Amino acid sequence: MGGTTVATDVDSFEDPPADVFAEAAATFGLLASSARLHIMWTLAQGESDVTGLAERVGGALPAVSQHLTKLKLAGLVRSRREGRRMVYFVDDPDIVTVVRLMVGQLTARADATSAPVRALRRTGA
């Protein structure tokens, strides 16, 4: 997904191959975890080590570390060593765009209506 641009005019494009949809579904599936989505949101704001992420997302260190491992295996997050700690970051601007857009839209919708976002779950959306 890295290095590509987001298509905005779908009428002018043919359907992508089935394997592209499968990869997109797998990525969305991985981001369907609220903990992993929160980690991605946080990393979209800037790089962090696992301790900083655990504090920010309110998760236990081992759980955050496991989520980071899954995100790394999927190619959504990378890391580099700085001394004794690992620093994690998202280097795919398209993934950052998708996460910011979705979370931003839902936040704006919840703010505008004062309705909890949970209502989306009941509708199957």
Side-chain angles (χ1 to χ4, degrees):
M1 289 184 96
T4 61
T5 57
V6 177
T8 55
D9 183 11
V10 293
D11 291 336
S12 65
F13 294 99
E14 291 183 25
D15 287 348
D19 60 332
V20 171
F21 284 111
E23 184 178 346
T27 300
F28 281 124
L30 190 64
L31 294 176
S33 157
S34 60
R36 285 192 290 273
L37 189 57
H38 196 169
I39 289 168
M40 291 296 292
W41 171 262
T42 302
L43 290 176
Q45 314 309 311
E47 57 190 35
S48 180
D49 64 5
V50 69
T51 303
L53 283 169
E55 289 171 3
R56 176 99 182 257
V57 304
L61 227 63
V64 171
S65 183
Q66 286 180 348
H67 288 305
L68 285 166
T69 298
K70 289 180 181 182
L71 292 168
K72 278 182 70 173
L73 287 171
L76 300 178
V77 170
R78 290 190 14 190
S79 65
R80 71 171 183 283
R81 184 162 295 283
E82 281 188 2
R84 296 173 58 185
R85 67 186 192 124
M86 293 296 286
V87 175
Y88 296 88
F89 58 95
V90 180
D91 70 336
D92 185 336
D94 292 335
I95 293 296
V96 170
T97 299
V98 169
V99 169
R100 285 183 174 165
L101 179 65
M102 176 58 74
V103 174
Q105 288 287 57
L106 291 174
T107 301
R109 187 180 302 166
D111 290 347
T113 64
S114 299
V117 175
R118 280 186 221 97
L120 285 175
R121 287 192 212 143
R122 289 193 299 269
T123 64

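Atom set for the values below is all heavy atoms of this structure, side chains included, hydrogens, waters and symmetry mates excluded. Since the structure is predicted, the reported quantities are computational estimates derived from the model, not experimental observations.
- Here T107 contributes atom OG1 and R100 contributes atom CZ; the two are 13.0 Å apart, rounded to the nearest 0.5 Å.
- Considering CD1 of I95 and CE of M40, their distance stands at 6.0 Å, rounded to 0.5 Å.
- Within 6.0 Å of CZ in F89 there are more than 12 heavy atoms belonging to other residues, nucleotides or ligands.
- Residues L43 and V99 have side chains not in contact (no heavy-atom distance under 4.5 Å, counting atoms from C-beta outward).
- Taking CG of L68 as the reference point, atom CE of M86 lies at 10.0 Å (rounded to 0.5 Å).
- Around the CD atom of Q105, the shell of radius 6.0 Å holds no more than 12 heavy atoms that belong to other residues, nucleotides or ligands.
- Side-chain heavy atoms closer than 4.5 Å link hydrophobic residues (I, L, V, M, F, W, Y) into clusters, and following such links, even through other members, never connects V90 to V87.
- In this structure, the separation between CG on L76 and NZ on K70 is 13.0 Å, given to the nearest 0.5 Å.
- Atoms OG1 and CG, from T97 and D92 in turn, are 8.5 Å apart once rounded to the nearest 0.5 Å.
- Taking both residues in full, the closest heavy atoms of S48 and L53 are given as OG-N, 3.4 Å, listed atom of the first, atom of the second, then distance.
- L31 CG to W41 CH2: the interatomic distance, rounded to the nearest 0.5 Å, is 13.5 Å.
- A donor-acceptor pair under 3.5 Å is absent between the side-chain atoms of S65 and the main chain of L61, judged by distance alone.
- With hydrogens and angles disregarded, a donor-acceptor distance shorter than 3.5 Å links the side chain of R36 to the backbone of L30.
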